[in-house]
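Here is the structure we will look at, set down as structure tokens.
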Amino acid sequence: MTGSAFIPGDLFLALVQHGKTVSMAVVKSTSIIQDGRSVRDVVAGTIGNPQANIKLVGQIMHLEATSKMQATGILTTKPVIVTVPGILVELVNPTVVDARGRLSEQAAKGLNSAGTGWALRNSSLDFLLAKLSQSLSDTTAGLRAIPKVGESVHFPYKLPQGQVALKSESGTALVATNPAQRCLYCPEVPKNWRAHIGAHILRHLRGSGEPKAKKNTPGQIHDSMPCGLCGRSGRPECEVTMKPNSKKSDSDMKTDYQYYTQFQYKTADEGKSKGSCRNVPIICGLCPGPARQHDTVPGIWRYNMPDHLRMHHAEYALPQQPEGLPLPYSVRKSMEISQEEEAAMGVRPEFILQPFTQVASAAAGGETLKRASESSGGIAKRGRR
Ligand SMILES: [Zn+2]
Ligand SMILES: [Zn+2]
Ligand SMILES: [Zn+2]
């Protein structure tokens, strides 16, 4: 299939890390990224070529051994999305089968309405698992190159006796010998990953000078809406969703597992002490709420709020754009970064952003304005327009 086109909808195999184990997943591609841009198709034979710089995005399928000879894969209703570099992908040519009657009752519930599944030969799965494990050992990026996901009912695949199926022994060994994750942007092994990346992001946003990018890394923090966990933008697995009507915000934030380090949401949001990194996803008070009570809305990293406002609520005033409607007090408050925090994140004094006071008063915004610490208040500053 060297010369044929690979298109969204085609299947591929990839190694995925879950906890301390690496195993193979069957993935249905949803999009193809080449040189950072989404493309409609690529020549199948070029996917593994590092120069082609291809990444495949797709949904992990449910897979079951349905006979000694073959396994049947189906799409699930709540797919896990992964992004995999082309050099760590193997393509498969499955047979399309009617999956009804082949799968366990539990899996059959997740069948798409047509009941379509993909049958794969066990022998070729084993062969391709060995090939992928070899490629993983060979790549310099190592484990950083493969997606990390949380365990679910559909993945990792299990053997009838409950052990992990299609496990990569060499990949799993790599996890054991490589526990600490180095920063993507400097040589450190951060203890508090979120705060460390947050510091890189804030310094970049303020133009306050960042160390030179390491080799074999994403390079610089991305300019637009960088993910608070990896500093990159536009990756589907970095998307954060939040439940606005939930009381326990800790468990209701969902995101990128690859760089996800557990943190107490409330503590991180409020800041443990003066100067703590408060870059956590928040809910924008200007965006429409969820359509239904239990729906989720996108979470926006606090440091990215000015960017978000510029792109989605340009009618409001910002430090960089003083003309416009005064920001509602609660929105301003939600995106506030203290001078102590800027300094603690390593922003040099001359680049620290001065407090922005062009916000709505109680009268204009219909909200209570806490005047105690704001001697001149919002009204006086607004009068300058
Ligand atoms: Zn760093
Ligand atoms: Zn990310
Ligand atoms: Zn918004």
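Note that ligands are numbered from 1 as they come in the structure, with each ligand's atoms numbered from 1 the same way. Heads up: numbering here begins at 1 and tracks the sequence.
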- Task: Verify whether the ring centers belonging to His204 and His222 lie closer than 6.0 Å.
- Result: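 Ring centroids of His204 and His222 are no less than 6.0 Å from each other.
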- Task: Please go through Leu353's hydrophobic cluster and name the other residues, only I, L, V, M, F, W, Y counting, with side-chain heavy atoms under 4.5 Å joining them.
- Result: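 ILVMFWY cluster around Leu353 holds nothing else.
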- Message: If you compare all heavy atoms of Ser334 against all heavy atoms of Arg302, which two are closest, and at what distance to 0.1 Å?
- Response: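 Heavy atoms of Ser334 and Arg302 come nearest at O-NE, 2.7 Å.
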- Closest heavy-atom contact between Leu11 and Trp118?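 Result for this residue pair: CD1-CG, 3.6 Å.
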- Task: Evaluate the criterion salt bridge (Lys or Arg N to Asp or Glu O under 4.0 Å) for residue pair Arg310 and Asp307; output intermediate values, then yes/no.
- Result: CA-CA 5 Å; Arg310 251 193 305 279; Asp307 250 2; 2.8 Å; yes
- Atom CE of Met311: over 12 foreign heavy atoms under 6.0 Å: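 Yes - once you tally the heavy atoms of other residues, nucleotides and ligands closer than 6.0 Å, there are more than 12.
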- Item | Option from Phe155, Tyr157, Phe12 for which side-chain contact (heavy atoms from CB on, under 4.5 Å) with Val26 holds |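 Running side-chain contact (heavy atoms from CB on, under 4.5 Å) over Phe155, Tyr157, Phe12 with Val26 returns exactly one hit, Tyr157.
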- Working to the nearest 0.5 Å, report the span between CG of Asn192 and CD1 of Ile197.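 Answer for the CG-CD1 pair, Asn192 versus Ile197, is 10.5 Å.
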- Message: Can you check the angle at the Zn ion (ligand 2) formed by SG of Cys227 and SG of Cys230? Round it to the nearest 10°.
- Response: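 Between SG of Cys227 and SG of Cys230, at the Zn ion (ligand 2), the angle is about 110°.
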- Query: Can you list the protein N, O or S atoms less than 2.8 Å from the Zn ion (ligand 3)?
  - Reply: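 Less than 2.8 Å away from the Zn ion (ligand 3) sit Cys284 SG, Cys287 SG, His308 NE2, His313 NE2.
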- So do the side chains of Ser38 and Ile32 get within less than 4.5 Å of each other, counting heavy atoms only?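 A side-chain contact is absent here, since even the closest heavy-atom pair is not under 4.5 Å.
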- Task: Scan for salt bridge (charged side-chain N to carboxylate O under 4.0 Å, His left out) pairs involving residues 84-95, sequence neighbours excluded, and state none if there are none.
- Result: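 Non-adjacent pairs meeting salt bridge (charged side-chain N to carboxylate O under 4.0 Å, His left out): Glu90-Lys131.
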- Task: Could you please tell me which protein N, O or S atoms lie under 2.8 Å from the Zn ion (ligand 1)?
- Result: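 Cys183 SG, Cys186 SG, His196 NE2, His200 NE2, with waters left out.
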